[in-house]
Amino acid sequence: MNERTGSPVLFYDGTCGFCARSVRFILARESPARRAHLRFAPLEGGFGQRLRAAHPSLQHDNSVIWFDPTRDDLLVRSAAGLAVLRHLGGPWRLIAALGAIIPRALRDAVYDVIARNRHRLSGEHCLVPKAEERGRFLA
């Protein structure tokens with residue numbers, strides 16, 4: 001990928017209401033000091049398509065993806081979710097540490113059940129960022 005944001009990027013399904021609510025959850029719980037350190041991008045957007053082109057294993061993956069361009073670190077499914085919790089800090093960091101104790105195969109199995117049902121859980125929904133959040137969203 002030739003685009004570098006300098007900040008981690010959380011890729012999400014832009015047509016999923018559950019995913020949109022998850023992004024809203026993150027935005028509502030970030031500390032002011034951390035707000036500049038995470039960007040968001042829909043998987044369907046140009047940046048999401050470039051990420052998939054650069055990482056062919058993601059070509060058909062619709063899971064949440066945490067990408068840290070400073071380390072070329074790519075996390076998917078439950079590992080991406082734990083990275084989000086670590087990003088939030090505070091008590092969420094403790095929950096991430098406890099979640100990391102659970103074997104990844106089991107965490108990912110739970111993630112897969114939620115992912116398969118995400119459209120039924122919330123339907124389709126388009127996330128429209130507030131004016132002050134728009135700069136954090138990549139097309």
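Everything numeric here is computed off the predicted structure, so don't read it as measured data.
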For the student: nearest non-hydrogen atoms of Pro69 and Ser7, plus distance: CD-O, 3.2 Å
Atom pairs and distances, donor-acceptor, side-chain atoms in residues 105-112, under 3.5 Å, two or more places apart:
from	atom 1	to	atom 2	distance (Å)
Arg107	NE	Ser78	OG	3.1
Arg107	NH1	Ile102	O	3.0
Asp108	OD1	Ser78	N	3.1
Asp108	OD1	Ser78	OG	2.6
Asp108	OD2	Arg104	NE	3.3
Tyr111	OH	Val64	N	2.8
Asp112	OD1	Arg77	NE	3.1
Asp112	OD1	Arg77	NH2	3.0
Asp112	OD2	Arg77	NH2	2.4

Please enumerate all residues that pass side-chain contact (heavy atoms from CB on, under 4.5 Å) together with Gln49, with sequence neighbours excluded. Arg52
Distance-only criterion, 3.5 Å: show the donor-acceptor pairs between side-chain atoms of residues 87-97 and protein atoms not counting sequence neighbours.
from	atom 1	to	atom 2	distance (Å)
His87	NE2	Glu30	OE2	2.7
Arg93	NH2	Arg86	O	3.1

How far does CZ of Phe18 sit from OH of Tyr12, to the nearest 0.5 angstrom? 15.0 Å
The single option from Leu10, Leu75, Leu58, Leu51 that satisfies side-chain contact (heavy atoms from CB on, under 4.5 Å) with Phe67 is Leu51
side-chain contact (heavy atoms from CB on, under 4.5 Å) between Leu138 and Phe11: does it pass, once the steps are laid out? CA-CA 9 Å; Leu138 306 169; Phe11 292 88; 6.0 Å; no
Given side-chain contact (heavy atoms from CB on, under 4.5 Å), test Phe40 with Arg136 step by step and report yes or no. CA-CA 6 Å; Phe40 302 91; Arg136 295 182 62 196; 3.6 Å; yes
Taking the six-membered ring of Phe25, is NZ or CZ of Arg21 closer than 6.0 Å to its centre and within 45° of its axis? no
Applying side-chain hydrogen bond (donor to acceptor under 3.5 Å, both in side chains), can you list everything that pairs with Ser63, at least two apart in sequence or on another chain? Asp61
Contact between Ile26 and Arg29 at the side-chain level, heavy atoms closer than 4.5 Å - yes or no? no
Go through the structure and list residues passing side-chain contact (heavy atoms from CB on, under 4.5 Å) with Asp68, not counting sequence neighbours. Pro8, Trp66, Thr70, Arg71, Asp73
Taking every non-hydrogen atom, the tightest pair across Asp13 and Leu43: N-CD1, 4.0 Å
